[in-house]
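Every value quoted in this text rests on a predicted model; they were computed, and no experiment measured them.
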Amino acid sequence: MKRGDANIPFDGLCQLLLQLGFEERIRGGHHIFSKIGVDEIINLQPKGAMSKPYQVKQVREIVLRYGLNIED
């Protein structure tokens, strides 16, 4: 885990995933993201207005593993 992982706003992490081309479904407090070509499903829940550090790490690892870039 990187030091700044605890300082990522939840809405910002969700917006990043949407900009990377993920589809979002919301079930209660769970925001579930999936993308064609990405095997993992990303399931996020906020901690107040912030992201949970382990979930930020999970997103970072998926972005790096698949070489994802923001789509125009």
Side-chain angles (χ1 to χ4, degrees):
M1 173 172 25
K2 293 194 185 233
R3 198 173 188 161
D5 288 355
N7 296 320
I8 306 297
F10 183 76
D11 289 341
L13 187 60
C14 291
Q15 284 303 312
L16 172 65
L17 289 168
L18 293 172
Q19 290 176 342
L20 289 168
F22 282 83
E23 303 266 333
E24 179 182 26
R25 291 179 306 160
I26 300 173
R27 302 250 189 249
H30 294 258
H31 294 247
I32 303 162
F33 294 88
S34 60
K35 178 179 172 78
I36 294 173
V38 175
D39 294 332
E40 295 86 351
I41 302 289
I42 301 172
N43 184 355
L44 304 178
Q45 309 87 40
K47 182 177 182 181
M50 303 306 282
S51 299
K52 295 179 181 178
Y54 79 91
Q55 293 175 338
V56 173
K57 179 182 178 202
Q58 175 189 26
V59 169
R60 181 175 43 256
E61 289 172 352
I62 290 170
V63 167
L64 293 173
R65 182 177 312 127
Y66 289 92
L68 301 176
N69 295 303
I70 293 177
E71 298 175 348
D72 292 324

**Q** Which atoms form the tightest heavy-atom contact between N43 and Q55, and what is the distance?
**A** O-NE2, 3.3 Å

**Q** Listed by chain and number, what are the side chain to side chain contact (heavy atoms under 4.5 Å, CB included) partners of I41, not counting sequence neighbours?
**A**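 Result, side chain to side chain contact (heavy atoms under 4.5 Å, CB included) vs I41: I32, S34.
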
**Q** So which atom in K35 and which in L20 form the shortest heavy-atom distance, rounded to 0.1 Å?
**A** NZ-O, 2.9 Å

**Q** Say you draw a straight line from CD1 of I42 to CD of E61; how long is it, rounded to the nearest 0.5 Å?
**A**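 Here the interatomic distance stands at 11.0 Å.
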
**Q** Who pairs with D11 by side chain to side chain contact (heavy atoms under 4.5 Å, CB included), at least two apart in sequence or on another chain?
**A** none

**Q** Does E24 have any salt bridge (Lys or Arg N to Asp or Glu O under 4.0 Å) partners at least two apart in sequence or in another chain, and if so, which?
**A**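 For E24, no residue satisfies salt bridge (Lys or Arg N to Asp or Glu O under 4.0 Å) once neighbours in sequence are set aside.
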
**Q** Quick check for you: to the nearest 0.5 Å, what is the distance between L44 atom CG and Y54 atom OH?
**A** 8.5 Å

**Q** Check for me, please, whether L17 and I70 land in the same ILVMFWY cluster - side-chain distances under 4.5 Å, paths through other members count.
**A** yes

**Q** Tell me which pairs pass ring-ring contact (aromatic ring centres under 6.0 Å, His included) where either residue lies in residues 10-30, with sequence neighbours left out.
**A** F10-H31

**Q** Excluding sequence neighbours, so at least two apart, what forms side chain to side chain contact (heavy atoms under 4.5 Å, CB included) with I8?
**A** L13, S51, V56

**Q** Under the side-chain contact (heavy atoms from CB on, under 4.5 Å) test against R60, which residue among V63, L64, I62 passes?
**A**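 Among the candidates, only L64 passes.
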
**Q** Closest heavy-atom contact between M50 and N7?
**A** CE-C, 3.3 Å

**Q** Nearest 0.5 Å, what's the CD-CG distance between E23 and L18?
**A** 9.0 Å

**Q** Sequence neighbours left out, what passes salt bridge (Lys or Arg N to Asp or Glu O under 4.0 Å) with E40? Give chain and number order.
**A**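 Salt bridge (Lys or Arg N to Asp or Glu O under 4.0 Å) list for E40, sorted by chain: R65.
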
